[in-house]
Amino acid sequence: MDTVFIRGLTVETCIGVYAWEQRIRQALRVDVELATDAARAAAGDDIGGTVDYAQVARRLQALADGQSWALVETFAERAAATILDEFDTPWVRLSVTKAVRLPQRTEVGVVVERGERAA
Ligand SMILES: Nc1nc2c(c(=O)[nH]1)N=C([C@H](O)[C@@H](O)CO)CN2
């Protein structure tokens, strides 16, 4: 199985379980891997034969812009479902990372994997 990936995409959204977090926007780092057939795309040398990672990145920012969330899990789940629904891929792994103070600056987050991964 081949993958297209996006690493280190920063999106801003309203996210957090505390009331103060629902009044601000915070940055999330999103890393995405999605299944594709790189040989098919390469044979035609055509963006139509693969998933356009630029379109995926724009869609994820639009999702982040359009709603507020309590949990990073919720954003990750919705982002994975959106990719499977709207792009030509059967499988996605998506990692969402948030910077917090615990009390020192720490990265936290979640990884979800959805769909069927071909052999
Ligand atoms: N499993 C999770 N635990 C926590 C989350 C979360 O989204 N998933 N969120 C918070 C707070 O919003 C925290 O990030 C504020 O700094 C705490 N635990």
Side-chain angles (χ1 to χ4, degrees):
M1 184 194 70
D2 306 320
T3 55
V4 162
F5 66 84
I6 303 171
R7 293 189 189 131
L9 176 70
T10 300
V11 300
E12 288 203 348
T13 194
C14 178
I15 188 162
V17 299
Y18 304 121
W20 63 265
E21 294 188 280
Q22 290 297 317
R23 294 192 291 270
I24 62 169
R25 289 170 70 78
Q26 299 185 74
L28 299 175
R29 173 187 161 131
V30 183
D31 299 298
V32 182
E33 287 175 80
L34 53 85
T36 192
D37 183 346
R40 185 184 66 177
D45 196 22
D46 180 6
I47 190 71
T50 185
V51 177
D52 182 344
Y53 47 72
Q55 285 191 15
V56 175
R58 280 194 292 271
R59 185 64 185 92
L60 292 176
Q61 183 59 67
L63 182 67
D65 284 340
Q67 203 171 325
S68 62
W69 328 81
L71 300 176
V72 291
E73 287 90 336
T74 313
F75 178 76
E77 195 65 45
R78 281 288 307 281
T82 298
I83 289 171
L84 290 179
D85 283 351
E86 299 182 14
F87 295 91
D88 183 20
T89 184
W91 173 85
V92 63
R93 176 188 288 143
L94 190 139
S95 159
V96 176
T97 305
K98 182 179 180 185
V100 297
R101 294 197 176 278
L102 287 177
Q104 74 277 32
R105 190 175 164 84
T106 308
E107 290 187 341
V108 297
V110 66
V111 180
V112 301
E113 190 176 321
R114 297 291 178 266
E116 296 300 319
R117 184 175 185 159

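Just follow the structure's listing: the first ligand is 1, and inside any ligand the first atom is 1. Remember, it's a predicted structure, so these values are computed and weren't measured experimentally.
Heavy-atom proximity to Lys98, at under 4.0 Å, picks out these atoms of ligand 1: 12 (O), 13 (C), 14 (O). Shown in contact with Val100 at under 4.0 Å from a heavy atom are these atoms of ligand 1, numbered in order with element: 14 (O), 16 (O). Less than 4.0 angstrom separates some heavy atom of Leu71 from each of these atoms of ligand 1: 6 (C), 7 (O), 8 (N). Taking every heavy atom of Gly16 and a limit of under 4.0 angstrom, the matching atoms of ligand 1 come to 12 (O). Annotation for ligand 1: atoms under 4.0 Å from non-hydrogen atoms of Tyr18 are 11 (C), 15 (C).
By the definition of a contact as any protein heavy atom under 4.0 Å away, atom 18 (N) of ligand 1 is not in contact. Per-atom contact check: atom 4 (C) of ligand 1 does not touch the protein, criterion being a heavy-atom distance below 4.0 Å. At least one protein heavy atom sits closer than 4.0 Å to atom 12 (O) of ligand 1.
Linking ILVMFWY residues whenever their side-chain heavy atoms come closer than 4.5 Å, directly or via other members, leaves Trp91 and Val32 in distinct clusters.
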Kindly indicate, with the supporting measurements, whether the criterion side-chain contact (heavy atoms from CB on, under 4.5 Å) is fulfilled by Thr36 and Thr89. CA-CA 6 Å; Thr36 192; Thr89 184; 5.9 Å; no
Under the side-chain contact (heavy atoms from CB on, under 4.5 Å) rule, what do Arg93 and Arg117 come out as? Steps first, then yes or no, please. CA-CA 10 Å; Arg93 176 188 288 143; Arg117 184 175 185 159; 3.5 Å; yes
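Between Phe87 and Val92 the shortest side-chain heavy-atom distance does not fall below 4.5 Å.
For the pairing with Asp65, the salt bridge (Lys or Arg N to Asp or Glu O under 4.0 Å) check across Arg25, Arg58, Arg59 returns one residue only, Arg25.
Of all protein heavy atoms, the one closest to atom 7 (O) of ligand 1 is Val72 N, 2.9 Å. Nearest to atom 9 (N) of ligand 1 among the protein's heavy atoms is Val17 CG1, 3.9 Å. In terms of protein heavy-atom proximity, atom 8 (N) of ligand 1 is nearest to Glu73 OE1, 2.9 Å.
Here the straight-line distance linking atom CZ of Phe75 with atom CG of Leu63 works out to 5.0 Å at 0.5 Å rounding. Glu33 contributes atom CD, which lies 11.5 Å from atom CD1 of Ile83 (distance to the nearest 0.5 angstrom). Here the straight-line distance linking atom CD of Gln67 with atom CD1 of Ile15 works out to 10.5 Å at 0.5 Å rounding.
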